[in-house]
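Written below as structure tokens is the structure these notes are about.
We count ligands from 1, going down the list as the structure has it; atoms in each ligand are counted the same way. The structure displayed is predicted, hence computed values, not measured ones. Just the heavy atoms: all of them, side chains too, but no hydrogens, waters or symmetry mates, feed the values below.
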Amino acid sequence: MRERTTKISHEAVEAQRALARSIQARADAPKTYHITTYGCQMNAHDSESIAGILGEMGMAPESQQEQADLILFNTCCIRDNAERRAMGNIIFTKEIKKQRPRALVGVLGCMVQQQGAAEKLREKQRHVDFALGTGEIYRLPERILHALEGRREAAFREGEDSTLYEGMPVLRQSPFMAYLTVMYGCDNFCSYCVVPSVRGRERSRRLEDIVLEAKGLVADGVQEIMLLGQNVNSYGLDGAGPRFPALLKALHEETGVQRLRFMTSNPKDLSDELILEMSENPAVCPHLHLPAQSGSDRMLKAMNRRYTRAMYDQRLWALREAMPDIGITTDLIVAFPGETEEDFEETLDLVARSRFDSAFTFVFSPRTGTVAAELPGRISQPVARERITRLIKAQEGITRAVFEGLVGSCAQVLAEGPAKRGKGRLSGKTGRGMGITFEGGAELIGQIVPVKVTGFGSNTLKGEIMQ
Ligand code: SAH
Ligand code: SF4
Ligand code: F3S
């Protein structure tokens with residue numbers, strides 16, 4: 001077992017708070033902000049911390065980007081298209097600054113944490129005022145100060161990512177659903193993935209700190225907590241403390257939270273203890289996102305996923321045996337270097353047999369600095385397109401069949417808000433994680449209600465409240 005090398009710092013966060021107060025007193029301090037967020041739930045939650053910090057600095061959110069004094073981008077670089085989309089929008093803010101030269105533009109998130117990225121931004125995008133990587137969000141006040149003072153060197157400095165910062169303010173987007181980070185980083189080094197290099201090594205928060213935060217959320221009226229980690233079921237493996245099943249147990253017993261979800265889980269760390277805890281813990285929702293990536297052992301090996309197709313199947317069916325109503329969703333990559341038609345058909349076969357509720361499907365995107373970017377056997381665009389189209393179609397048929405099977409059943413639904421279409425209808429999520437719409441009044445929003453499934457559309461269920 002490795003020794004815990006992670007430092008935990010409350011002091012650093014407090015020092016930034018004090019700095020934030022002094023910046024607020026400056027005449028040139030920004031008064032409003034706008035954040036554009038890309039990427040996964042970790043980024044969505046980081047944006048909630050960013051908003052929390054800015055709120056403590058006395059700033060108010062501004063929905064129109066071009067009107068804001070502080071324009072922020074919380075970026076993602078998981079695939080090339082994610083990065084290009086963000087970069088296009090960052091470049092466009094040059095136009096905004098022509099009209100409003102005093103507005104500040106800051107780039108945050110995973111893109112900036114890539115080696116040399118902050119420096120490149122500093123040199124090539126003169127209208128960008130500062131950059132800040134994922135490991136140092138708490139330092140936002142200091143970066144804003146450097147930007148106001150025009151100290152470009154300091155405003156783009158690359159930071160460390162091995163410290164855990166406790167006590168950051170958070171401005172949550174929903175009053176009854178909340179994200180809670182339990183571990184940061186990833187040590188898996190899947191051969192295609194940038195996350196280990198942009199989110200750093202795995203570091204688990206202390207169980208007591210997590211439980212304390214969860215208690216605060218429940219006291220605030222939160223019904224559903226989503227535990228976050230790139231590798232969430234590896235919680236605790238970086239130290240001698242409790243593991244993930246013990247964390248789930250403590251959260252249920254000590255906070256009384258109605259619903260617990262967590263993502264993302266790596267199949268190789270889905271232990272029997274975890275499956276048992278999931279099946280016994282009444283707060284754990286009957287849903288698991290379990291990325292398979294491929295159905296071919298050859299591809300799984302090249303991806304460095306450290307499980308085989310048989311191991312994945314074994315885990316999936318062990319879960320279903322323990323929790324017959326569980327819904328399983330997945331991520332799949334097609335056109336990984338060297339993928340043959342036979343390899344791809346094994347992925348189709350995995351999909352046919354696994355009966356996922358849904359799947360996120362991606363075409364392999366080579367990322368600089370990863371092992372897979374250097375592999376021979378790149379697949380041509382037309383072949384990649386053709387494969388992903390077949391895969392999506394196969395999964396669509398299965399999703400439909402799963403939906404059909406649910407008609408007539410009863411689901412516990414957390415009502416989230418008015419449905420986009422249909423007057424007097426609400427939309428919500430079942431324990432299994434599916435979207436559902438049903439007739440109901442605004443007083444139900446934020447509550448968990450029993451709903452009978454009566455039909456479905458292409459992506460969501462339809463239902464009626466049970467009296
Ligand atoms: N930690 C999670 C996934 C994080 S990234 C896990 O291990 O499952 C989300 C998904 O993006 C991955 O599951 C993978 O399917 C996809 N992905 C990551 N890097 C990619 C790349 N270079 N090209 C295509 N898809 C990628
Ligand atoms: Fe990336 Fe693999 Fe880590 Fe997921 S487990 S974040 S895919 S390296
Ligand atoms: Fe993207 Fe970073 Fe998440 S690269 S997927 S925002 S961890």
Side-chain angles (χ1 to χ4, degrees), residues 35-47 50 73-86 107-114 117 133-135 137 161 179 181-202 227-235 237 262-270 288-295 299-300 302-307 312 315 328-337 339 347 350 356 358-375 378-379 384 387-388 391:
I35 312 175
T36 309
T37 306
Y38 303 91
C40 62
Q41 285 86 353
M42 330 282 150
N43 255 21
H45 188 42
D46 283 349
S47 285
I50 293 165
F73 294 91
N74 192 9
T75 59
C76 169
C77 55
I78 195 85
R79 287 170 292 275
D80 186 52
N81 53 2
E83 190 157 356
R84 258 190 299 175
R85 208 150 45 97
V107 182
L108 297 89
C110 291
M111 229 167 88
V112 180
Q113 196 76 47
Q114 289 170 292
T134 53
I137 285 172
D161 59 17
Y179 292 128
T181 305
V182 304
M183 55 127 34
Y184 295 87
C186 181
D187 288 353
N188 282 337
F189 291 94
C190 301
S191 64
Y192 49 82
C193 185
V194 292
V195 170
S197 69
V198 296
R199 291 270 170 178
R201 297 291 57 74
E202 285 180 9
L227 307 176
L228 294 181
Q230 281 296 351
N231 213 1
V232 74
N233 53 350
S234 316
Y235 171 79
L237 296 179
F262 50 89
M263 73 185 302
T264 300
S265 307
N266 192 304
K268 78 175 171 53
D269 295 328
L270 181 59
L288 190 69
H289 186 61
L290 195 66
Q293 312 300 0
S294 171
M299 290 297 104
L300 288 171
M303 289 174 172
N304 192 31
R305 288 291 287 182
R306 289 178 276 179
Y307 54 82
Y312 185 89
R315 295 287 78 193
I328 297 171
T329 54
T330 201
D331 292 347
L332 298 163
I333 298 177
V334 304
F336 189 80
E339 186 188 70
T347 300
L350 171 90
F356 299 118
S358 62
F360 293 100
T361 51
F362 307 105
V363 169
F364 167 72
S365 168
R367 311 309 292 140
T368 312
T370 62
V371 170
E374 309 299 326
L375 289 177
R378 286 272 176 90
I379 308 299
R387 286 184 187 165
I388 198 162
L391 186 61

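Taking all atoms of both residues into account, the shortest heavy-atom contact from N233 to L270 is ND2-N, 3.6 Å. Taking all atoms of both residues into account, the shortest heavy-atom contact from F262 to V232 is CD1-CG1, 3.8 Å. The two atoms that bring P291 and S265 nearest to each other are CD-O, 3.3 Å, heavy atoms only. Contact record, I78 with C193: CD1-SG, 4.1 Å, taken as the closest heavy-atom pair.
The shortest distance between side-chain heavy atoms of F364 and R378 falls below 4.5 Å. Between R387 and I379, some side-chain heavy-atom pair lies under the 4.5 Å cut-off. The side-chain heavy atoms of C110 and M42, taken from C-beta on, include no pair separated by under 4.5 Å. Using a 4.5 Å cut-off on side-chain heavy atoms (C-beta onward), T370 and Y192 make no contact. Residues T330 and Y312 have side chains in contact (heavy-atom distance under 4.5 Å, counting atoms from C-beta outward).
Every protein residue with a heavy atom nearer than 4.0 Å to ligand 1 is included here: I78, R79, Y192, Q230, T264, P291, Q293, R305, D331, I333, F362, V363, F364, S365, R367.
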- [ ] Might you work through the side chain to side chain donor-acceptor pair (under 3.5 Å) test for D269 and S234, ending with a clear yes or no?
- [x] CA-CA 6 Å; D269 295 328; S234 316; 2.7 Å; yes
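Geometrically, R79 engages F362 in a cation-pi contact defined by less than 6.0 Å to the ring centre and at most 45° from the axis.
Atoms of ligand 3 lying under 4.0 Å from any heavy atom of Q230, numbered from 1 in the order shown and given with element: 3 (Fe), 7 (S). For ligand 3, the atoms closer than 4.0 angstrom to any heavy atom of C110 are 2 (Fe), 4 (S), 6 (S), 7 (S).
No donor-acceptor pair closer than 3.5 Å links the side chain of S358 to the backbone N or O of T329.
The protein atom (non-hydrogen) at minimum distance from atom 1 (Fe) of ligand 3 is C76 SG, 2.4 Å. In this structure, atom 3 (Fe) of ligand 3 lies nearest to the protein heavy atom C40 SG, 2.3 Å. The protein heavy-atom contact nearest to atom 7 (S) of ligand 2 is Y192 OH, 3.4 Å.
Excluding waters, the set of protein N, O or S atoms lying under 2.8 Å from atom 2 (Fe) of ligand 2 comprises C190 SG.
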